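Whatever order the structure lists ligands and atoms in, that order sets their numbers, starting from 1. What you are looking at is a predicted structure, and each value in this text was computed from that prediction instead of being measured.
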Amino acid sequence: MGQLNTFPLSYKVRGQRIVIIGGGEEALNKARLVTKTTASVVIISRHVEIDFSSVEAVVLVRPFEAADLDGAALVFVADHGPDGDAAKLAARARNIPLNVVDIPDECDFYTPSIIDRAPLTIAISSEGDAPVLTRLIRARIEAMLSPHVGAIAGLAGRMRHRVEALIGDNAARRRYYEALVQSPAVETAASRSPVAGVFEAETLLEAHAINIKIGSVALIGAGPGAEDLLTLRAQRLLQEADVIVHDQLVPAAVVQMGRRDAEQIDVGKAKGHHSFSQAQINTLIVRLAREGKTVARLKSGDPMVFGRAGEEIAALRKAGIAYSVVPGVSAALAAAADTVTPVTLRKVSSGFVMATAHGADDADLVHWAALAQSGMTLALYMGKSIADAVAARLIGQGASANLPVGIVVNAGRAYRSMYRGTLSGLANGAVEFPAGPAIIFVGEAVAAGDWADAAELAAQSFKVA
Ligand code: SAH
């Protein structure tokens, strides 16, 4: 590893003055950067070429005077004329750290790329060698961070005296801070208000002071099954979980985005083998959280859409366990994207209904009558094995036999397959679909999609009973 020619540090500027010489774009860029601080910023130039009203700074339109630097904390020179030269001399005479824009040799310090989540700052520097690289790295780090990480850092600072008072042991304090900065419950509270954050941090502190770990459950939408359709928040919470409780529909590659040493429990309810009943899952997540574990309850698509989330949340509420919900890309939306189908479309479809295809055999006529008459795009879940009966039921309730139908098996995944046709084509017989979950779209808007790669439903060979 090479040696650094600069040393990164956080330099106190609160209550001090930062002086910028120059009246153009470069001066404005530096002003934007330093006005992130609580220092007072003064810009001096005889010619002000651009509008500085977007930054909170005092602009003096006059020649530079050496006395302008008396007591200044930092000086930026973004002026290539005599004022700039005079300012460089004056800064050096006073030993004030100097940055000369775009002339690295004349700089005492460089300004890094900054991620500002006050009080948390991340500064990335290449000593001026590769600003493009530092910007790219900055974007990657930005994506990893919760938008509330600054609030959490501030909260940790506010808790310091309390933690010192309640926890004597250094290692125990560290464990508390580790829990504090990773707790989804604290994050949710801190994002609401500082007071709510302190309340949650206090609860955690009291538990740590008497050595109890508080568990929590995050109901996380995994999306349709492609790793890159997971949200950044889902990925982060998976990384923080002690246990990942997932459904069978969530592919292994997505589950593996969790921490490597996290326990993984498959409560898969594949059709036919009911390994865990819903009641058993409810009991399981409550028990794990009571053991103090951070539980990621990973569900396919969005947890609130046909995910039995209502029952799990009721169980968590009843047990008094902290929980949060992270949305995911629901299968119907992935199917719409795969087939470029605008599920709402001006003058064609005024809405989009996510509905269960179950009930085709039940006497649940209200459900089918409402769907048949809605005039909206239908996205039917859980209907693959009964697709023909579903189509017949819709026609029976008054839907046009010519209504376009589109089916996507394994939506959002690399190996998806698509089918298109009409309600009557689908009603005519059972199709041999490939393995995997499917969305059935019904409605005029389906015809506006791109189904060029789809197989014709009518041309399918029908199952012989
Ligand atoms: N919460 C999930 C739905 C779970 S119910 C979501 O929001 O997507 C299970 C049903 O979802 C399946 O029967 C199927 O209709 C649908 N489904 C889930 N993943 C799918 C996928 N990748 N492609 C097509 N349909 C899918």
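Exactly one of L380, V446, I440 qualifies for a side chain to side chain contact (heavy atoms under 4.5 Å, CB included) with V405. That residue is I440.
Every atom of ligand 1 is numbered from 1 in the order shown, and the set under 4.0 Å from a heavy atom of V408 is 24 (C). Less than 4.0 angstrom separates some heavy atom of S300 from each of these atoms of ligand 1: 1 (N), 2 (C), 4 (C), 6 (C). Taking every non-hydrogen atom of I439 and a distance limit under 4.0 Å, the qualifying atoms of ligand 1 come out as 24 (C), 25 (N). Within ligand 1, counting atoms from 1 as listed, the ones closer than 4.0 Å to a heavy atom of S330 are 6 (C), 7 (O), 8 (O). For ligand 1, the atoms lying closer than 4.0 Å to a non-hydrogen atom of A411 are 21 (C), 22 (N), 23 (N), 24 (C).
Annotation: atom 24 (C) of ligand 1 to nearest protein heavy atom, P437 O, 3.3 Å. The single protein non-hydrogen atom nearest to atom 5 (S) of ligand 1 is F306 O, 3.4 Å, given as residue, atom name and distance.
Taking a 6.0 Å sphere around CD of E56, one finds it holds 12 or fewer heavy atoms contributed by other residues, nucleotides or ligands.
For V409, no nitrogen or oxygen atom sits less than 3.5 Å from a nitrogen or oxygen atom of ligand 1, counting backbone and side chain alike. Backbone and side-chain nitrogen or oxygen atoms of M382 are examined, and one is located within less than 3.5 angstrom of a nitrogen or oxygen of ligand 1. Ligand 1 has an N or O atom lying under 3.5 Å from an N or O atom of D302, backbone or side chain.
Only side-chain heavy atoms of L249 come within less than 4.0 Å of ligand 1; its backbone N, CA, C and O stay farther off. Only the backbone of A438 comes within 4.0 Å of ligand 1, judged by heavy-atom distances. The part of R413 lying near ligand 1 is the side chain, judged by heavy-atom distances below 4.0 Å.
Of the charged side-chain nitrogens involved, none lies within less than 4.0 Å of a carboxylate oxygen, so that R259 and E240 do not count as a salt-bridged pair. Remark: E312 engages K299 in a salt bridge, criterion side-chain N to carboxylate O under 4.0 Å. A salt bridge does not link R158 to E202: none of the charged side-chain nitrogens sits closer than 4.0 Å to a carboxylate oxygen. A salt bridge is absent between E444 and K347; no separation between the charged side-chain nitrogens and carboxylate oxygens falls under 4.0 Å.
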Test salt bridge (Lys or Arg N to Asp or Glu O under 4.0 Å) applied to E311 and R308, step by step: CA-CA 6 Å; E311 286 136 281; R308 310 281 301 257; 2.8 Å; yes
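Aromatic ring orientation, F441 versus F352: tilted (interplanar angle from 30° to 60°).
For the pair A331 and Y381, the tightest heavy-atom approach, listed with the atom from each and the gap, is N-OH, 3.8 Å.
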